[in-house]
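Report on one structure; see the data block that follows.
Note that the numbering runs from 1 along the sequence shown for the chain. All of these numbers come straight from a predicted model, not from anything done at the bench.
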Amino acid sequence: REIYFGSHYNKLNNNMENVYYWNEDTIDHFKFESNYLSKDEVIENIVEFVLCDCSLEDGETDEMLVKDLTSRIFSK
């Protein structure tokens, strides 16, 4: 079992699927943006955030983080 403590998200890996626990401030920020910007604009901002502010662990890709964070912002 591996736990990564980053500034914006934590990863719990049980040799299964990666599960990311995002900082609530990060989630709240992008949910707030989603009230005023188009979905495409918010996704662009998420991509920029992941590229600039997140550190990847072994086996992770930027795409994995973008996909996970995007799903949390736009889930009902």
S71 side-chain N/O to D68 backbone N/O, donor-acceptor pair under 3.5 Å: yes
Note, Y20 side chain near K67 side chain (heavy atom, < 4.5 Å):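 Of all side-chain heavy-atom pairs linking K67 with Y20, none is under 4.5 Å.
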Same apolar cluster (I L V M F W Y, side chains within < 4.5 Å links), F74/L37: yes
Spatial distance of atom [atom1] ([X]) from atom [atom2] ([Y]) [nearest 0.5 Å]:
X	Y	atom1	atom2	answer
L69	M64	CG	CE	13.5 Å
E48	N45	CD	CG	6.5 Å
I73	I46	CD1	CD1	5.0 Å
I43	S34	CD1	OG	10.5 Å

Minimum heavy-atom distance between R72 and K31, given as atom pair plus value: O-CE, 3.5 Å
Heavy-atom pair with the smallest gap, counting every atom of L65 and W22: O-CZ2, 3.6 Å
Neighbour count above 12 (heavy atom, 6.0 Å) for E33 CD: yes
With sequence neighbours excluded, residues passing side chain to side chain contact (heavy atoms under 4.5 Å, CB included) with D62: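 Scan of D62 (side chain to side chain contact (heavy atoms under 4.5 Å, CB included), adjacent residues dropped) gives V50, L51, L56.
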Residues T70, F30; criterion side chain to side chain contact (heavy atoms under 4.5 Å, CB included); working and verdict: CA-CA 9 Å; T70 301; F30 288 112; over 6 Å; no
